[in-house]
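Take a look at the structure below.
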Amino acid sequence: VMAFEIHWDEKDNFKLDVGDELRYSFEQQFKELDPASKRENNPIEILNQLQELTKKDPTEVSKLILDIVTPGGTGLMILMDLLGPANNSNPDIARNVIKWMNTLLREQLPKEGKIRSRTKLQERVCILGYVNVVLNFCHKSYPSLLRLEAAEFAKLLCFSNSYTRKMLCACGGLRVLIALFDWKEKVAPPSNRRISRPLLPFNFSFNSSSEPNSNSSSPHSKQKQLNLEKDLVERKIIDDVQHKLICTAIDCIEEIFKIHDSPKDDFCRLFCEYGVLPRLSRSFDLLKRVKNDMYVEKVVDLISVFSGGDVLVRKSMAYFWKPVLPHVMDLKDHLLEKTIKAMKMTCGLKDPTALDELENVGMIQVFLGMLRHDRREIYNQVLLCLDMLLDISPRRVEKAVIAGLIPSLIKIARKDATMIQIIKKILCSLPMSSAKVRLELKKHGVFTYYLSWLSEASWRSQALSSLSLWLKEEKRFVGQLVTQDEPIRALTSVCVGSTISLKQLSSLLPIMHSMIDYCPKLGNVLSDSSDFVKGLKIYLQNPLKNDPIVIGIQTAATEILHSLSQQTSNLRDFEDRHQILTAFERVAQDAKMLDKVRLYRIAERCYLDTKWRVQSSLNGSLVLYEEREDEDDCVDSHGGSERESKSSRQTHDTATTDEYLKDLDDEDFASG
């Protein structure tokens, strides 16, 4: 008593100051924990008494534990001994020690956003190695309540300041935080029980009337009922602890990403290597089922952080989505938008393995469901995801189209023009996929959309290329559509229109030439269009320049006119009206002067072939173009032999033409 300042009350009895009394009580009780005292007091009772003292003045107690010295060492070292190997057989002691330490640390956290420098207690706790010792108790092999206190200790370090967060990471805290997601499943109940123990929600309340035999009055039934009730209540506590551990782990991971001295990509990589993503996905599923919206939003925020990581992290994200997808459509709009952006980062990798995994977990069906969402921001992001997901796989394209992709795209295009470019890109890529996809194109009338896009300068080439590919695969169906009046006018305006730039024309004319080769009926109809043929002749009449674009235009125009001359029903009349031989001859002369060998060879070949066929038609020795469909419909009993005769004459004439041109090549183009 003489060590403290003495005061006297009104009755002349001495007493201690409140602070000195607290110090005296603290020292007396703390010495009971000292192993050197060799007293056999229960450490748990002493720790509970110290916990009560701490509630009176936490700040003073945090100073006292740093200043106290006993024969067994300082205060912190005595607590360290209580956590050591000698006390592992009694987890309750460890739990109470950590619980008391958490009370001291919790009082020194920053208040209301105010940042404090690290306190002496926090610094000493980290330096003396408490972090390593306490974090060991987070493993799932320890009792759940002990794990909860150890997790709370880790959380206090994360929420304290940057120094303690770094100490946590340096002591292997990242692996420990991931271990908090793991759960040791309880042993299954014996088979003679009436019901098994389900994983109950955290708001579970036991109702004995739900048991079938609850009204039984036998002692055996009542005892069984009590055992069942006790078992289920215990399970509820375990589920509550699991819930808290998961929430604590999520809070700590969020704080770890606030360390500004290290890039987030480094932490993302480490967390992924330690296996955080599958645990986060399972936790998302669990939190969504128990309707913990606050932590569902935190998981979504963490997903956004990981989706912005490096390539390896984003590849790992492909295996994250399977447990998440069933709940995605139930998210609030702002969370759904964040989730879709994370999906977009995964799809943007264009990695075949990652995209195959997304397909296997059902991402395509989820995206198609999101396209029906009312908010523009959401279905616009989904369109970007689909564009990347379907870009390199005809199999995924077929699966999406069969599931209803085309009507969804058309509906969005009609009501909102924000992402019309992406919609057009997806639709223009469909004809090259499969027969099932083209069947859906027929069903939904996509041909009219291709035709309308021919009038748009930025989509002429893509739309015409789609028509060409579709025509190549389905000549009869597309050929009937493309040879009608409106498509012919659209094709004419595209190829010979005055508003078409030369650069665009150099890409359109080769596609048009391919279409004419695929469908002779189209060439026959276009040969009767004076505007189309005159427009092509104008390109040939223009002076030839040493310009690749001009040379490409004249090359394609020459080949188209030659194809039209082959497919016209009256070659002599076609030549008389358009004088294509003169145009071919002029192009050949200009190409020869500029030393353009390829263009010269093409123009000269077209000139000689057309001239020979015109002369042959005058002599009646050339079989002109006849439509195969009309010929098949008009076959009679003598048609077979007549067709064989025509075919033999045409084969003979073609062979004669080829021999003539081959001789010409050998003689005139040997030097070239």
Side-chain angles (χ1 to χ4, degrees), residues 138-140 147-148 151 154-155 158 165 168-169 172-185 199 202 239 241-259 264-332 334-347 349 354 357-358 360-363 366:
C138 292
H139 193 267
K140 66 180 182 179
R147 292 184 68 199
L148 190 61
K155 182 178 179 179
C158 288
R165 284 194 289 268
L168 180 70
C169 295
L174 301 186
R175 291 181 183 272
V176 172
L177 296 180
I178 295 173
L180 294 178
F181 290 101
D182 297 333
W183 188 253
K184 184 178 180 181
E185 295 295 338
L199 184 60
F202 304 126
D239 287 341
V241 174
Q242 182 186 11
H243 186 198
K244 292 177 182 178
L245 288 174
I246 291 173
C247 295
T248 301
I250 293 172
D251 289 333
C252 293
I253 292 174
E254 274 192 333
E255 292 299 317
I256 292 296
F257 281 116
K258 294 181 181 179
I259 300 178
K264 287 185 178 180
D265 286 354
D266 294 346
F267 287 121
C268 289
R269 176 74 72 84
L270 290 174
F271 276 125
C272 287
E273 289 179 358
Y274 299 154
V276 73
L277 289 178
R279 292 171 171 84
L280 269 180
S281 62
R282 291 196 300 268
S283 302
F284 180 93
D285 179 45
L286 179 64
L287 295 170
K288 196 71 179 69
R289 285 193 284 112
V290 300
K291 300 180 180 180
N292 190 339
D293 295 336
M294 182 176 71
Y295 278 88
V296 167
E297 183 170 358
K298 289 188 177 185
V299 173
V300 172
D301 291 337
L302 288 177
I303 294 171
S304 302
V305 174
F306 282 105
S307 65
D310 57 27
V311 175
L312 294 179
V313 174
R314 283 185 282 166
K315 284 183 179 179
S316 302
M317 288 290 294
Y319 304 91
F320 167 84
W321 297 107
K322 187 173 183 178
V324 176
L325 288 181
H327 306 289
V328 165
M329 294 303 296
D330 299 331
L331 293 174
K332 296 179 180 178
H334 69 285
L335 297 180
L336 181 58
E337 190 173 351
K338 288 182 180 179
T339 306
I340 296 172
K341 288 181 180 179
M343 294 176 178
K344 184 176 67 175
M345 297 298 293
T346 308
C347 296
L349 285 173
E357 180 63 26
L358 293 179
N360 294 335
V361 300
M363 188 70 77
V366 173

For residues 281-301, which residue pairs qualify under ring pair (Phe, Tyr, Trp, His ring centres under 6.0 Å), counting only residues two or more places apart or in two chains?
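For residues 281-301, and leaving out neighbouring residues, there are no ring pair (Phe, Tyr, Trp, His ring centres under 6.0 Å) pairs at all.
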
In chain order, what residues pass the ring pair (Phe, Tyr, Trp, His ring centres under 6.0 Å) check against Phe306, with sequence neighbours excluded?
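With neighbours one apart ignored, the set is Phe257.
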
Residues in side-chain contact (heavy atoms from CB on, under 4.5 Å) contact with [X], at least two apart in sequence or another chain:
X: Ser283; value: Phe181, Ile246
X: Tyr319; value: Thr353, Glu357
X: Lys341; value: Glu337, Gln381

If I take atom [atom1] from residue [X] and atom [atom2] from residue [Y], how far apart are they, to the nearest 0.5 angstrom?
X: Leu286; Y: Gln242; atom1: CG; atom2: CD; result: 5.5 Å
X: Met329; Y: Thr339; atom1: CE; atom2: OG1; result: 11.0 Å
X: Lys258; Y: Cys158; atom1: NZ; atom2: SG; result: 10.5 Å
X: Asp330; Y: Leu336; atom1: CG; atom2: CG; result: 10.0 Å
X: Cys268; Y: Ile256; atom1: SG; atom2: CD1; result: 12.0 Å
X: Lys298; Y: Ile253; atom1: NZ; atom2: CD1; result: 11.5 Å

Quick one: are [X] and [Y] in side-chain contact, heavy atoms under 4.5 Å?
X: Glu297; Y: Leu331; value: no
X: Met343; Y: Leu358; value: no
X: Leu280; Y: Ile303; value: no
X: Cys272; Y: Leu312; value: no

Quick one: salt bridge (Lys or Arg N to Asp or Glu O under 4.0 Å) partners of [X], sequence neighbours excluded?
X: Asp310; value: Arg269
X: Arg165; value: Glu255
X: Lys338; value: Asp301
X: Arg279; value: Asp182

Assess whether side chain to side chain contact (heavy atoms under 4.5 Å, CB included) is satisfied between Val276 and Phe267, documenting all intermediate values.
CA-CA 11 Å; Val276 73; Phe267 287 121; over 6 Å; no

Sequence neighbours excluded, every pair satisfying salt bridge (Lys or Arg N to Asp or Glu O under 4.0 Å) that has a member inside residues 313-328
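Checked against salt bridge (Lys or Arg N to Asp or Glu O under 4.0 Å) - neighbours excluded - the pairs reaching residues 313-328 are Lys315-Asp351.
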
Which residues satisfy the side-chain hydrogen bond (donor to acceptor under 3.5 Å, both in side chains) test with Asp293, sequence neighbours excluded?
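Scan of Asp293 (side-chain hydrogen bond (donor to acceptor under 3.5 Å, both in side chains), adjacent residues dropped) gives none.
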
side-chain hydrogen bond (donor to acceptor under 3.5 Å, both in side chains) against His334, all qualifying residues, sequence neighbours excluded:
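If we apply the side-chain hydrogen bond (donor to acceptor under 3.5 Å, both in side chains) test to His334, skipping adjacent residues, there are no hits.
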
Closest non-hydrogen atom pair between [X] and [Y], with its separation:
X: Ala249; Y: Leu180; answer: CB-CB, 3.8 Å
X: Ser307; Y: Ser304; answer: OG-O, 2.8 Å
X: Leu277; Y: Phe320; answer: O-CD1, 3.2 Å
X: Leu174; Y: Cys169; answer: CD2-SG, 4.0 Å
X: Leu325; Y: Val361; answer: CD1-O, 3.3 Å
X: Val296; Y: Lys288; answer: CG2-N, 3.9 Å

Could you go through Glu254 and Leu302, starting from their C-alpha distance and side-chain angles, then the distance that decides it, and tell me whether this counts as side chain to side chain contact (heavy atoms under 4.5 Å, CB included)?
CA-CA 7 Å; Glu254 274 192 333; Leu302 288 177; 4.0 Å; yes

Please check if the side chain of Arg147 supplies one atom and the backbone of His139 the other of a donor-acceptor pair under 3.5 Å.
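Yes; judged by distance alone, with no hydrogens or angles, the pair exists.
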
Working for side chain to side chain contact (heavy atoms under 4.5 Å, CB included), residues Tyr274 and Leu177:
CA-CA 10 Å; Tyr274 299 154; Leu177 296 180; over 6 Å; no

Assess whether side chain to side chain contact (heavy atoms under 4.5 Å, CB included) is satisfied between Val299 and Ile250, documenting all intermediate values.
CA-CA 7 Å; Val299 173; Ile250 293 172; 3.6 Å; yes

